[in-house]
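First the structure, in the form of structure tokens, and then the observations on it.
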Amino acid sequence: MSNITITFPDQSTRSFPSGVSTIEIAENIGPRLAKAAVAARINSELADLSLPIDTDAEIEIITGDSDAGHEVLLHSTAHLMAQAVKALFPNAKVTIGPAIENRFYYDFDIEGTFSDKDLEKIEAKMRELSERDFTVQRVELTRNAALKKFDDMGETYKVEIIEQIDEKDTISAYSQDDFIDLCRGPHVPTTGKIKHFKLLSTSGAYWRGDENNTMLQRIYGTVFSSKKELDEYLQKLEEAKKRDHRKLGKELDLFFFHSLSPASPFFTDKGAVIYNGLVRYMRELYLQYGYGEVISPQVFDMELWKQSGHYEMFIDNMFSMEMGEREFGLKPMNCPGHTLMYSHGLHSYRDLPIRMADFGRLHRFEKAGVLSGLTRVRSMAQDDAHIFCTPDQIGDEICDLFEMVQTVYDTFNFKDLSIALSTRPEKALGEVKLWNKAESTLTDVLEKSNYKFTIDEGEGAFYGPKIDFHVKDALQRDHQLATIQLDFVLPERFKLKYIAEDGSEKRPVMIHRAILGSLERFFGVYLEHCGGDFPLWLAPVQVTVLPVSEKVQGYAESITQKLNAAGLRFQLDDKADKIGAKIRQAELSKINVMLIVGEKEAEAGTVSVRRRHQGDLGPMDVAELIDLLNDEIKQRSS
RNA sequence: GCCUACGUAGCUCAGUCGGUAGAGCACUUCCUUGGUAAGGAAGAGGUCACCGGUUCAAGUCCGGUCGUAGGCUCCA
């Protein structure tokens with residue numbers, strides 16, 4: 001038998017007999033590597049560890065703790081789960097079971113549904129199947145053989161999938177014990193490699209994601225290469241639950257919902273301080289960047305929405321009302337109203353760009369099933385603005401916007417900005433020519449900027465392409481916040497114009513843009529990001545005065561008068577509680593600054609300062625403290 | 001909209017086999033006047049989401065409605 005040369009990622013080479021498998025190579029290198037191995041990469045192609053290699057090749061041994069290995073592990077665990085389900089529910093039909101980020105799922109067509117008890121049983125069965133350590137065997141089939149095999153088994157979904165596989169592609173299946181599943185692979189060599197897994201939840205899911213198809217039963221689960229990683233992941237899920245903005249919103253008394261106005265938040269006085277703080281901050285930036293703020297109507301004759309295209313594209317998401325002869329629509333967006341404001345007067349090219357900001361309340365009738373806390377609501381406001389400009393002003397405007405976005409995200413301590421350009425969707429208004437022009441303008445500006453960006457084909461708004469900004473929060477979750485959308489359609493529909501240098505009438509371009517996005521959603525995302533520990537400038541209660549006993553009530557009141565005069569948001573906790581209880585209460589309410597005043601302080605004319613999560617900072621002069629706090633507020637430090 | 005789960009005091013949650021409702025925190029009052037994360041006692045607080053059905057009897061069983069939550073493109 002001849003020998004072949006294997007090249008490793010570090011470029012070292014070794015000779016092996018032809019027909020050697022990656023697992024044999026791994027064993028040759030060391031038993032620990034062989035144990036951790038889940039798959040191989042042979043000449044950059046993912047493959048099973050058992051695949052015989054008969055020519056010179058570059059190989060990489062993939063372990064479960066790498067990204068590629070984790071994906072293999074996730075996918076193999078989905079198979080193990082399918083095997084367990086088929087063992088416990090022989091009538092279940094399998095469909096698909098891919099790996100997704102940190103999790104996997106598998107959709108089954110079964111009579112009835114899976115209960116939590118079923119999940120436990122399935123997980124127990126999976127443990128049993130894992131311990132029996134079956135060999136996972138790859139089989140390659142001809143198209144007809146595959147069709148016959150899965151048809152004989154009654155796996156109609158698999159038959160449907162095989163029918164759609166490209167005739168040129170190899171059809172493969174993987175078996176473990178008596179279970180066989182159509183799959184491209186690769187997979188772990190034996191079921192015993194799958195140890196640290198947990199089933200997470202069940203839900204309904206439509207076959208191929210189409211609500212006209214059969215509803216399948218989906219089970220989500222996760223798996224890691226070590227118990228430590230699994231525990232860390234589960235812990236992260238717990239942490240996310242603790243920081244859930246709905247939970248924090250209730251605990252900190254910031255907002256609530258009522259069934260008589262579904263999905264429409266009520267912000268309490270405390271929540272409104274934060275909400276208005278966000279608005280005030282944006283207004284300051286507007287002043288700096290040359291925006292003018294307007295106030296526009298809430299309700300418009302349907303005529304407007306017909307002209308704008310919303311009637312055609314968005315009516316299912318609009319609140320509407322009939323009043324006598326006329327039909328009105330509650331505005332879901334500000335843009336059509338803004339075109340009316342633009343058209344109210346004549347504009348010279350000298351007036352452009354006009355940057356029209358509006359915090360107007362918007363209503364969108366979102367489907368009941370998609371509503372969620374503050375992140376998906378029916379009543380909201382945006383830090384919305386429309387920029388009316390000439391086509392050659394677009395570049396400068398977008399550069400300014402990039403700068404503004406960066407400033408805002410720095411203020412809120414959001415790192416890891418990523419940018420996506422979304423292009424023309426299937427359901428779109430306007431000529432393809434206009435779309436192409438808009439898309440190439442945005443691509444140009446993006447390429448000139450230093451930002452990295454990806455392209456989301458077909459994800460644009462129906463009136464124009466857009467640039468979306470994503471950030472990562474404190475738990476590394478991705479959120480889309482800012483958006484910049486180019487629009488050549490609305491100006492056309494509303495016949496907007498400006499008088500150009502040569503006296504002719506020209507069509508302006510509209511840029512729709514929001515930096516925080518919806519204030520409601522931003523509120524929720526930021527609440528989770530900061531975990532309820534708001535910076536001083538946004539905190540609903542900035543300072544609380546805690547008298548040690550009733551003897552110093554008068555002195556405590558004199559302190560609150562000074563705080564009041566300094567324009568700070570304060571509280572006085574003059575309940576008959578002991579100081580420890582008052583401090584505990586203030587810490588739980590996440591109040592930034594606690595001022596403890598007792599007889600010592602009253603005599604010296606000072607306050608003892610305690611900052612949230614920091615403990616006792618010692619006595620300080622009140623005037624001095626107020627200066628420090630006002631500085632901190634002015635700088636918006638986080 | 002569809003699937004599943006849930007809805008009991010302001011909040012967090014018990015409530016077994018169907019027999020008319022409970023705790024802790026918060027609240028009110030009283031005692032305690034204290035020094036950096038919970039002093040003590042008493043009291044008040046409920047149309048068990050809503051509507052209907054079964055039953056001698058429903059928080060509990062059945063049906064419906066409303067609301068809330070997790071999902072519903074991530075190609076075998």
Side-chain angles (χ1 to χ4, degrees), chain A residues 75 78-79 82 94-101 103-107 110 112-116 118-119 141 146 150 155 157-166 169-174 181-185 200-220 241 244 246-247 250-251 253 256-263 316 366-373 458-459 546-553 575-589 594-601 608-619:
Chain A
H75 196 177
H79 272 230
V94 293
T95 68
I96 60 165
I100 53 178
E101 197 181 355
R103 292 182 303 161
F104 63 85
Y105 67 80
Y106 210 118
D107 288 345
I110 59 161
T113 58
F114 292 119
S115 65
D116 290 351
D118 293 335
L119 271 199
L141 300 161
F150 285 97
E155 296 289 5
Y157 294 91
K158 291 293 180 189
V159 170
E160 194 180 322
I161 292 165
I162 296 165
E163 280 165 353
Q164 282 167 12
I165 293 177
D166 196 316
D169 288 353
T170 318
I171 293 176
S172 57
Y174 283 77
D181 195 3
L182 182 74
C183 188
R184 188 160 34 203
L200 298 169
S201 59
T202 58
S203 79
Y206 297 101
W207 171 234
R208 299 206 181 273
D210 184 339
E211 62 189 16
N212 299 313
N213 289 341
T214 321
M215 168 73 67
L216 307 170
Q217 292 303 314
R218 173 171 299 182
I219 303 176
Y220 283 95
K241 258 191 216 162
D244 188 310
R246 290 164 299 197
K247 186 168 158 22
K250 213 183 271 184
E251 284 170 3
D253 191 28
F256 65 91
F257 291 89
H258 196 282
S259 61
L260 289 179
S261 187
D316 290 346
E366 303 282 1
K367 288 200 286 185
V370 305
L371 303 171
S372 178
E459 292 296 314
L546 310 178
V548 173
S549 80
E550 279 171 26
K551 287 182 197 152
V552 288
Q553 175 79 9
K575 281 201 300 262
D577 287 332
K578 288 170 88 166
I579 194 66
K582 291 184 187 186
I583 286 168
R584 178 181 149 82
Q585 193 48 54
E587 288 279 357
L588 289 175
S589 312
M594 288 155 259
L595 301 183
I596 288 105
V597 294
E599 291 179 277
K600 270 187 292 183
E601 288 78 6
S608 281
V609 180
R610 181 187 166 109
R611 293 293 298 247
R612 176 183 63 201
H613 308 324
Q614 285 179 36
D616 193 0
L617 300 179

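Proteins get letters first, then strands, A, B, ... in listed order; numbering begins at 1 in each.
One C1' atom belongs to G22(B), the other to G39(B), and the distance between them is 26 Å to the nearest Å. G46(B) and U4(B) are spaced 29 Å apart, taking the C1' atom of each and rounding to whole Å. For the C1' atom pair drawn from A44(B) and U29(B), the interatomic distance equals 10 Å after rounding to whole Å. With P as the reference atom, U36(B) and G43(B) are 33 Å apart, rounded to whole Å. On the C1' atoms, G15(B) is 23 Å away from A69(B), given to the nearest whole Å. Taking atom C1' on both C30(B) and U60(B), the two are 40 Å apart, rounded to the nearest angstrom. G67(B) and C50(B) are spaced 10 Å apart, taking the C1' atom of each and rounding to whole Å. The gap from the C1' atom of A57(B) to that of A14(B) amounts to 23 Å, rounded to the nearest Å.
Counting only heavy atoms from C-beta outward, the side chains of Tyr157(A) and Asp107(A) never approach each other to under 4.5 Å. Within the 4.5 Å cutoff, no side-chain heavy atoms of Pro619(A) are placed close to those of Lys600(A). Side-chain contact check for Val548(A) versus Val597(A): every heavy-atom pair is 4.5 Å or farther apart.
With pairs defined as Watson-Crick or G-U wobble and both atom distances under 3.5 Å, the stems of at least three pairs that touch RNA chain B come out as B:1-7 with B:66-72, B:10-13 with B:22-25, B:27-31 with B:39-43, B:49-53 with B:61-65.
Residues passing the ring pair (Phe, Tyr, Trp, His ring centres under 6.0 Å) test with Phe150(A): none are found, sequence neighbours excluded. Applying the side chain to side chain donor-acceptor pair (under 3.5 Å) rule to Asp316(A) yields no partners; only residues at least two apart in sequence or on another chain are considered. With sequence neighbours left out, Ser261(A) forms a side chain to side chain donor-acceptor pair (under 3.5 Å) with Ser264(A). In this structure, the side chain to side chain donor-acceptor pair (under 3.5 Å) partners of Glu251(A), at least two apart in sequence or on a different chain, are Lys247(A). Not counting sequence neighbours, the partners of Asp244(A) by the salt bridge (Lys or Arg N to Asp or Glu O under 4.0 Å) test are Arg246(A). Not a single side chain to side chain donor-acceptor pair (under 3.5 Å) links Arg584(A) to another residue, sequence neighbours left out. With sequence neighbours left out, the ring pair (Phe, Tyr, Trp, His ring centres under 6.0 Å) criterion links Tyr220(A) to Tyr105(A).
Within 4.0 Å (heavy atoms only), Ser203(A) reaches at least one base atom of the nucleic acid. Backbone-only engagement by Ser372(A) is indicated by non-hydrogen atom pairs under 4.0 Å involving sugar-phosphate atoms exclusively. No engagement by Gly615(A) is indicated, since no non-hydrogen atom pair under 4.0 Å with the nucleic acid exists. Across all strands, Lys158(A) comes closer than 4.0 Å only to sugar-phosphate atoms, never to a base (heavy-atom distances). When heavy atoms are screened at a 4.0 angstrom cut-off, Lys575(A) is found touching the sugar-phosphate backbone but no base atom. Within 4.0 Å (heavy atoms only), Glu601(A) reaches at least one base atom of the nucleic acid. As judged by a 4.0 angstrom heavy-atom cut-off over every strand, Ile162(A) is placed among residues making no nucleic acid contact. Tyr105(A) comes within 4.0 angstrom of sugar-phosphate atoms only, judged by non-hydrogen atoms across all strands, and of no base. At a threshold of 4.0 angstrom between heavy atoms, the contacts of Ala78(A) with the nucleic acid are absent. Among the protein residues, Glu599(A) comes within range of the nucleic acid bases, having at least one heavy atom under 4.0 Å from a base atom. Residue contacts for Ala173(A): at a heavy-atom cut-off of 4.0 Å it reaches no nucleic acid atom on any strand shown. Using a 4.0 Å heavy-atom criterion, one finds that Ser261(A) contacts no nucleic acid atom at all. Among the heavy atoms of the strands, none lies under 4.0 Å from Phe114(A). Gly204(A) comes within 4.0 angstrom of a base, heavy atoms only.
For the pair Leu216(A) and Leu588(A), nearest-nucleotide mapping onto RNA chain B gives the more 5' position to Leu216(A). Nucleotides of RNA chain B nearest to Arg246(A) and Ala368(A) differ in position, and the one nearer the 5' end is that of Ala368(A).
When each of Lys582(A), Arg610(A), Arg612(A) is paired with Glu587(A), the side-chain hydrogen bond (donor to acceptor under 3.5 Å, both in side chains) condition holds for Arg610(A) and for no other.
For RNA chain B, the span of nucleotides reached by chain A at under 4.0 Å from its heavy atoms goes, 5' to 3', from G1(B) to A76(B).
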